[in-house]
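For reference, the structure is listed below as structure tokens.
In each ligand, atom 1 is the first atom listed, and ligand 1 is the first ligand listed. Everything quoted here is computed from the prediction, not taken from an experiment.
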Amino acid sequence: MSGDLVAFPTETVYGLGADACNSKAVAKIYEVKGRPADHPLIVHIASLDGLGDWAREIPEYAIELARGLWPGPMTLVLKRSELAGDFITGGQDTVGVRVPDHAVALSLLTAFEKVGGKGVAAPSANRFGHVSPTNAAAVVEELGQYLSENDIVLDGGACQVGVESTIIDCTGATPRILRPGAISELMINECTGLLCAEFRPQTTTGEDIRVSGSLENHYAPAAKVFLDHTPLPGQGFIADAKLQTPEGVIRLASPANDEEFARLLYSVLRAADAQGLTEVVVAQPNGTGIAVAIRDRLARAANGR
Ligand code: TXA
Ligand code: MG
């Protein structure tokens, strides 16, 4: 309410939050992130009860998704209410809303509602285009120098999911995935009894719906990322535990499954930068579920900063 910022953990990645009704506070988010002001922000709320404050004309399938999968790594894009100002939506007629599944985030959101708050606008707590932070130390490393004295960073440990929420456009007759995440197409179909509209990865910001994570180069570390190459001596290597490390290659992570892959990915890319590695090779997981989200982020990371 005071207009200060609070970085907080969620199950996906850390967010940089501000009172979603306070345009000045939200402007500070853009400043600290170095993010263009026409990119929309996700509004975080404590429970489904708050959804009607932010959205209108909510289709039945969106309610089913919210009932079935919130709190969870899922953002619903809906027609906005009057409460959702242009400074949240980037001037679009829609708003993204999510109930995160993390005890610290939920305590923060519930406490905020108790004092009359309606929601917390929060992008991932990284500089624009960089890798999202998945622990509090990474937030401080990314944003520490840009935060003010009264801003705070809540430490809730390492994020369980590790990649950003699935964003679902709920303005059409059927749900459409705008950004893949831990909530998969199959889960959405099962929850709603509908078939998701096909996911077409966007390569530009687009005119109608802007998903900033859909920029070609995003989620990128300083090191150059190569996908599915045979790693050379001196290069970093991230791959499933079953894959061996060629001689002289610096093995950075050996996840045992896709969930672990997602959980580790961003912190390992950060560690590669911290170690001064300039090239990292990643063997991408194939398959469905969260592997789709991992490949989506890696494709962008590989396009560089
Ligand atoms: O997991 C997450 O979603 C994390 C945590 C902190 O909740 N947040 C996150 O926020 O990833 P951010 O701002 O880094 O990415 C949110 C994405 C952006 O790409 C933005 O363009 C898109 O959501 N978005 C927000 N509102 C939208 C809308 N009305 N229509 C289309 N895309 C929207
Ligand atoms: Mg982000």
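For Arg98, the closest heavy-atom approach to ligand 1 falls below 4.0 Å. Judged by the shortest distance from any of its heavy atoms, Arg80 lies outside the 4.0 Å radius around the atoms of ligand 1. Within the structure, the closest approach of Thr89 to ligand 1 does not fall below 4.0 Å when heavy atoms are considered.
Here Tyr30 and His39 keep their ring centres 6.0 angstrom or further from each other.
At under 3.5 Å, a nitrogen or oxygen of Ser165, whether backbone or side chain, sits near a nitrogen or oxygen of ligand 1. Inclusion of Thr94 in the set of residues having an N or O under 3.5 Å from an N or O of ligand 1 is warranted. The distance criterion of under 3.5 Å between nitrogen or oxygen atoms is met by Ser124 with respect to ligand 1.
Using a 3.5 Å distance cut-off with no hydrogens or angles, the side chains of Thr75 and Ser165 do pair a donor with an acceptor. Side-chain N/O atoms of Thr12 and Arg98 include a donor and acceptor closer than 3.5 Å. Asn126 and Ser124 are linked by a side-chain donor-acceptor pair at a separation below 3.5 angstrom, with hydrogens and angles left out of the test.
Proximity annotation for atom 30 (N) of ligand 1: of Val13, Leu16, Val77, Val77 comes nearest, heavy atoms only. With distances taken over non-hydrogen atoms, the option nearest atom 20 (C) of ligand 1 out of Gly15, Pro40, Ala121 is Pro40.
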N/O donor-acceptor pairs under 3.5 Å from side chains in residues 231-253, not counting sequence neighbours:
residue : atom : partner : partner atom : Å
Gln235  : OE1  : Leu232  : N            : 2.8
Gln235  : NE2  : Glu279  : OE1          : 2.9
Asp240  : OD1  : Lys242  : N            : 2.7
Asp240  : OD1  : Lys242  : NZ           : 3.4
Thr245  : OG1  : Arg251  : NH1          : 2.9
Arg251  : NE   : Ala253  : O            : 3.0
Arg251  : NE   : Ser254  : OG           : 3.2
Arg251  : NH1  : Leu243  : O            : 2.9
Arg251  : NH2  : Ala239  : O            : 3.0
Arg251  : NH2  : Asp240  : O            : 2.9
Arg251  : NH2  : Leu243  : O            : 3.1
Arg251  : NH2  : Ser254  : OG           : 3.4

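Backbone or side-chain N, O or S atoms of Asn126 do not reach the Mg ion (ligand 2) at under 2.8 Å.
Short contacts between ligand 1 and Thr12, defined as distances under 4.0 Å to a heavy atom of the residue, involve ligand atoms 1 (O), 2 (C), 4 (C), 5 (C). Below 4.0 Å from some heavy atom of Val95 lie the following atoms of ligand 1, by number and element: 29 (N). Every atom of ligand 1 is numbered from 1 in the order shown, and the set under 4.0 Å from a heavy atom of Ile167 is 17 (C), 22 (C), 23 (O). For ligand 1 and His44, the ligand atoms under 4.0 Å from any heavy atom of the residue are 5 (C), 6 (C), 7 (O). Taking a cut-off of under 4.0 Å to the non-hydrogen atoms of Arg179, the atoms of ligand 1 that pass are 2 (C), 3 (O), 9 (C), 11 (O), 15 (O), 16 (C), 17 (C).
Using a cutoff of 4.0 Å between basic side-chain nitrogens and carboxylate oxygens, Glu141 and Arg270 are scored as salt-bridged.
Without hydrogens or angle criteria, Gln92 side chain to Thr89 main chain gives a donor-acceptor distance under 3.5 Å. Under the 3.5 Å distance criterion, the side-chain polar atoms of Asn189 are matched with a main-chain donor or acceptor of Cys196.
Phe226 is linked by a ring-ring contact (aromatic ring centres under 6.0 Å, His included) to His229, counting only residues two or more places apart in sequence or in another chain.
Under 4.0 Å from ligand 1, not a single heavy atom of Asp169 appears. Neither the backbone nor the side chain of Met74 comes within contact range of ligand 1; no heavy atom lies under 4.0 Å.
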